[in-house]
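Report on the following structure.
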Amino acid sequence: MRPLLLLAALALAPALFAADKPNILFLFSDDHALNAISAYGGPLKDLAPTPNIDRIAKDGVVFTRSYCGNSICGPSRATILTGKHSHINGFPDNDGSRFDGSQTTFPKLLQKAGYQTSIIGKWHLATDPTGFDHWDILPEQGNYYNPDFISPEGRKHEEGYCTDIITDKAIAWLESRDKSKPFVLMCQNKAPHRNWMPALRHMELYKEVSFPEPATLFDNYEGRSSTLKEQQMMVAKNLSWGADMKFKGENQYPDFFTSESPNGEYRRMTDEQKQAWDEVRDPENEAFLADMKAGKLKPDDVTRWKYQRYVKDYLRCVRAVDENVGRVLDYLDKTGLAKNTLVIYSSDQGFYLGEHGWFDKRWMFEESLSMPFIARWPGVVKPGTRNQTLIQNIDYAPTFLEAAGVPIPAGIQGKSLLPVLKGETPADWRKAIYYFYSGERTHHVAPHDGVRTDRYKLMYFPSTKEWNLFDLEKDPQELKSVHDDPAYATVLEEMKKTYEQERRDYHVSPSTIPATRFNENWWKPRHENKVKLAKEGGHDLVFIGDSITQGWEGKGKEAWDKYYGNRKALNLGFSGDRTEHVLWRLMNGELENVDPKLFVLMIGTNNTGHRQDPPEQTADGIKLILDLLQDRKPNAKILLLSIFPRAPKPEDGLRQLNEQINARIKNFADGDRIQYLDMSDAFLDGDNVLAKEIMPDYLHPNDVGYEIWAKVMESHIAKLTGTPEVK
Ligand code: SGN
Ligand code: CA
């Protein structure tokens, strides 16, 4: 090509590039029940339609078996970003989890591939967003009225209604973005999350409507796990006087309303907003209170009244979401972006609108397990279709990556939906989805996990060791577990097999679910101290492990100083740690500013000693640690050590367990970034007996042992860190 032509071609390249790759518009809301979207049908579709969300459905596809992996906010969002279940991405609950933004996410990969990336609205992942060119997010849960936003520039107070403001910001960003690049925009509402505060313009919407009550509004929780009765998310018992039901002043009926919090949103309003609110609300409240005073309402009537108030406020919030979806779609139409933009409407999980007597989510029952997922993509998705393929939020990241022509990294647990979107679900598509809820104080829903296939759902409740099995075809409302019905014995057996298989496939076991030891008072301070050291940075060599590694600070001090004193080394060994604790620590700050040449990893002997974990599970924990290190620190090498022999004699069961783990983990070496070093011979005599002179307690080396250990590793460490050997 002649130089001039080449230049011209290069100048055109970004424009061609942008047209080539689809834009991705991810319209997302918080707690949006499928029953509150008319495209899904459902009992409310005619009374409270969502015409704009339905526009996406009309031009695209509605997924009717779309599920989350963990029905709460942060976990679902972290899963969407990473394509990994929440126990793998390190955000398993809203109880103090912090998203480790150093891990690979789809926005980061799209950004690298030339996309402009933006997130506006609810984030709720505790740490600042990474991988976004633009972010403007609500702090934590955010507010409906006159919300604050945080961005790299700081915190800003905005006046108005949150759902409208988020859309204003989204459209403004679409206008101002670099139009030579394709974009991904995540536009994420707070609505219709609790406390369900409608916009002033919707205060009287549905005023004259009486919404049909779900058949299970007065569910008695019989025939299922005993834990159902412990939850605190009932319309009848757990809605508050102030924040939820929006009465002012003291709780006048503590038998029917909880008293925990006043309506903080009302306090945020301007005087004009308050006045407009009061004009509609005060008379409605007074009418109810007059009926109460006159003794006209029996307890069930009060529940019915609360249900109406709850569901109306909720659906009013949905109305604002729907109007704003319409505004964005109009913008895409007007600018011609519609034809090359994949538009998704989704929500972090489903929600109960009185089914089983509940509000909130968390349970693996259908209403909260489900996520709305409606997609439109001109030329790819056939308009007006419905799809029953089992999909899950782990699938979104790989879908976006494939849509953008970006390779999908190996660690991603979901599958790209591209063939499914084209209406060509592969014959070997998954037959079941896996669900995991770790339990939280809020609403007292017991931990449980399980699997769902086309027809059946199996749930397990570890606190009571109960199994529940539902035949969704015969019992779509999930009112009776058939786990003990002999007619279902074979189904139960099959489902248990599926459950075990899914847990293996998704790495679910005590060794792989990140865990703290906050109940032991030394552990947290040591962790905090290590985080501090990590933040200081400048480490070339990092040791990770348990007491054997921690012992470099004790019996091994002399050897440490001799061999590593000049090597900028960091000791991340914690006495008594198992693989799951290491996973938690590495996701929670101990790697934050650490960028070493080499990690030395030895962990697992406590998985063996404390619980006698099956060797494959301990090995799996070690595998996840290696994956994590490789993902977070792509420039570092890893020296993976065999777990030290324990107990005097080779016949000892625990010794053998460690050997079985070692037989597995040596295969994790890739001859490049991960090198395996077998340490056994250093401590054993010819008959494989462990020398008391080196390991007096048959578990931990003494000073002689540490010197031996260091010596055996030395040539490897020297080579892998590029430093001269210490003699
Ligand atoms: C708040 C709500 C809960 C809700 C959680 C989690 N209480 O704590 O009802 O379950 O959020 O929601 S509130 O009184 O503060 O509204 S999530 O969407 O973030 O998972
Ligand atoms: Ca939510």
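Given the structure is predicted, the values throughout are model-derived calculations rather than measurements. Start at 1 and go down the list; that is how both ligands and their atoms are numbered.
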Worksheet item: Looking at ligand 1, does any of its N/O atoms fall within less than 3.5 Å of an N/O of C73?
Response: yes
Item to complete: Could you tell me whether K122 approaches ligand 1 through its side chain, its backbone, both or neither, with non-hydrogen atoms closer than 4.0 Å?
Response: side chain
Item to complete: Could you tell me the separation between the NE2 atom of H87 and the CG atom of N70, rounded to the nearest 0.5 Å?
Response: 10.5 Å
Item to complete: Examine Q349 against ligand 1 and note whether any of their N/O atoms are separated by less than 3.5 Å.
Response: no
Fill in: Closest to atom 8 (O) of ligand 1 (judged by heavy-atom distance), picking from N70, T442, D244
T442
Fill in: Non-hydrogen atom of R362 closer than 4.0 Å to ligand 1
yes
Worksheet entry | Between OH on residue Y67 and CZ on residue R452, distance to nearest 0.5 Å | 3.0 Å
Discussion item. Using a 4.0 Å cutoff against the non-hydrogen atoms of I72, which atoms of ligand 1 qualify?
Written reply: 20 (O)
Worksheet item: Any idea which protein heavy atom is nearest atom 10 (O) of ligand 1, and the distance to it?
Response: D360 OD1, 2.5 Å
Practice prompt. Find all atoms of ligand 1 within a distance of less than 4.0 Å from any non-hydrogen atom belonging to Q141, and give their numbers and elements.
Written response: 1 (C), 6 (C), 11 (O), 12 (O), 17 (S), 19 (O)
Discussion item. Per the salt bridge (Lys or Arg N to Asp or Glu O under 4.0 Å) rule, what does the pair list look like for residues 63-88, sequence neighbours excluded?
Written reply: D30-R77, R65-D454, R77-D348
Worksheet entry | Proximal ligand 1 atoms for H124, defined as those under 4.0 Å from one of its heavy atoms | 19 (O)
Worksheet item: Can Q273 and N146 be counted as having a side-chain donor-acceptor contact under 3.5 angstrom?
Response: yes
Item to complete: Report the relative orientation of the aromatic rings in W358 and F365; use parallel for angles under 30°, tilted for 30 to 60°, perpendicular for over 60°.
Response: tilted
Item to complete: Check whether any side-chain heavy atom of L81 lies under 4.5 Å from a side-chain heavy atom of P107, and answer yes or no.
Response: yes
Worksheet entry | For ligand 1, the portion of E260 having any non-hydrogen atom under 4.0 Å away | neither
Discussion item. For atom 13 (S) of ligand 1, what is the closest protein heavy atom, and at what distance to 0.1 Å?
Written reply: R194 CD, 3.9 Å
Practice prompt. Would you please indicate if the ring centroids of F288 and F247 are separated by under 6.0 Å?
Written response: yes
Discussion item. Taking 3.0 Å as the limit, list every protein N, O or S atom around the Ca ion (ligand 2), by chain and residue number.
Written reply: D30 OD1, D31 OD1, D348 OD1, D348 OD2, Q349 NE2
Worksheet item: Going through the distances and angles, do W241 and S259 end up as a side-chain contact (heavy atoms from CB on, under 4.5 Å)?
Response: CA-CA 6 Å; W241 169 264; S259 303; 5.7 Å; no
Item to complete: Give yes if a backbone or side-chain nitrogen or oxygen of H193 is under 3.5 Å from a nitrogen or oxygen of ligand 1, and no if not.
Response: yes
Worksheet item: Looking at D93, D100, N94, D95, which hits side-chain hydrogen bond (donor to acceptor under 3.5 Å, both in side chains) with S97?
Response: D93
Discussion item. Measuring only between side-chain heavy atoms, which start at C-beta, is T227 closer than 4.5 Å to H448?
Written reply: no
Item to complete: Answer yes or no for K306 and F256: cation-pi contact, defined as NZ/CZ to six-membered ring centre under 6.0 Å and angle to ring axis within 45°.
Response: no
Worksheet item: Going through the checks in order, is the ring pair (Phe, Tyr, Trp, His ring centres under 6.0 Å) test met by Y221 and H356?
Response: CA-CA 8 Å; Y221 310 122; H356 301 294; 7.4 Å; no
Worksheet item: Nearest protein heavy atom to atom 20 (O) of ligand 1: under 4.0 Å?
Response: yes
